[in-house]
*Asks:* 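Take this structure, written in structure tokens, and hold onto it; I'll ask about it next.
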Amino acid sequence: MSGRAGLRAGPGVLAGGQVLLGLWVLPRPELFWKWPWVSHLPPCNEHLLRDFGGASPALAVVLCAAVATMERRPVRTALTAYPVSSVAHLLFHASHLEPLSAASAAGFPALLGTAVLLPAALVWLAADGTVFRESDPAGRPSAP
């Protein structure tokens with residue numbers, strides 16, 4: 001996969017995850033709350049869940065706009081916004097692992113860590129300005 005294809009696919013995957021998360025949390029926050037990795041921190045706060053659920057599709061919109069334009073600034077901005085949110089989420093949950101089983105206490109931070117590492121890797125990939133140039137039929141990058 002080329003760097004340009006990766007910069008299209010990566011934010012698309014991240015956006016898809018955010019859309020699914022929002023579609024789960026917004027209409028039925030009580031079902032999201034029942035998920036064991038969430039419900040171990042009572043009490044349930046529907047306001048917070050709906051804010052989180054609303055922020056997820058909003059981030060997906062920014063990521064989709066970046067994919068649609070494939071311009072350096074929107075892509076880097078969207079990919080930087082994602083880990084800003086994800087680092088705070090990871091740090092919170094990493095400091096509240098006591099009620100979880102050993103497997104969950106290991107797996108949950110690893111899962112949330114991918115939400116930091118994947119966009120960070122994509123930001124690094126986006127630092128190379130050549131990935132934003134279309135290739136001509138001979139495979140050479142054209143001018144931006």
*Asks:* Students often mix this up, so state it plainly: with edges at 30° and 60°, are the rings of Phe52 and His89 parallel, tilted or perpendicular?
*Replies:* tilted
*Asks:* Rounded to the nearest 0.5 Å, what's the gap from CG on Asp51 to CD on Glu46? Could you check?
*Replies:* 10.5 Å
*Asks:* Hey, does Leu122 have a side-chain heavy atom less than 4.5 Å from the side chain of Leu14?
*Replies:* yes
*Asks:* If you group Ile, Leu, Val, Met, Phe, Trp and Tyr by side-chain heavy-atom gaps below 4.5 Å, do Leu97 and Leu91 land in one group?
*Replies:* yes
*Asks:* Looking at every non-hydrogen atom in both residues, tell me the closest pair between Val62 and Ala78 and how far apart they are.
*Replies:* CG1-CB, 3.6 Å
*Asks:* Distance check, rounded to the nearest 0.5 Å: His93 atom NE2 versus Leu112 atom CG?
*Replies:* 6.0 Å
*Asks:* Looking at Ser56 and Leu21, would you say the former's side chain and the latter's main chain have a donor-acceptor pair under 3.5 Å?
*Replies:* no
*Asks:* What closest approach, in Å, do Leu26 and Gly54 show between heavy atoms, and which atom pair accounts for it?
*Replies:* CD2-N, 3.7 Å
*Asks:* Using every non-hydrogen atom in the two residues, find where Leu100 and Ala105 come nearest and quote the distance to one decimal.
*Replies:* CB-N, 4.0 Å
*Asks:* Donor-acceptor check, side chain of Arg72 to backbone of Ala127, threshold 3.5 angstrom: yes or no?
*Replies:* yes
*Asks:* Does CZ in Arg50 sit with more than 12 non-hydrogen atoms of other residues, nucleotides or ligands closer than 6.0 Å?
*Replies:* yes
*Asks:* Minimum heavy-atom separation for Ala15 to Ala60, with atom names?
*Replies:* O-CB, 3.6 Å
*Asks:* With side chains defined as the heavy atoms from C-beta onward, is the minimum distance between Val19 and Cys64 less than 4.5 Å?
*Replies:* no
*Asks:* Are Trp35 and Val25 in one and the same hydrophobic cluster, where Ile, Leu, Val, Met, Phe, Trp and Tyr link if side-chain heavy atoms are under 4.5 Å apart?
*Replies:* yes
*Asks:* Is Val13 linked to Leu117 within one hydrophobic cluster, defined over Ile, Leu, Val, Met, Phe, Trp and Tyr using a side-chain heavy-atom separation of less than 4.5 Å?
*Replies:* no
*Asks:* Do the side chains of Leu90 and Pro109 get nearer than 4.5 Å, heavy atoms only?
*Replies:* yes
*Asks:* Could you pull out the closest heavy-atom pair between Arg8 and Val67, with the gap in Å?
*Replies:* NH1-O, 2.8 Å
*Asks:* Tell me the closest heavy-atom pair linking Pro11 and Leu79, and the distance in Å.
*Replies:* CG-CD2, 3.9 Å
*Asks:* Can you confirm whether Phe132 sits close enough to Leu7 that some side-chain heavy atom of one is under 4.5 Å from a side-chain heavy atom of the other?
*Replies:* yes
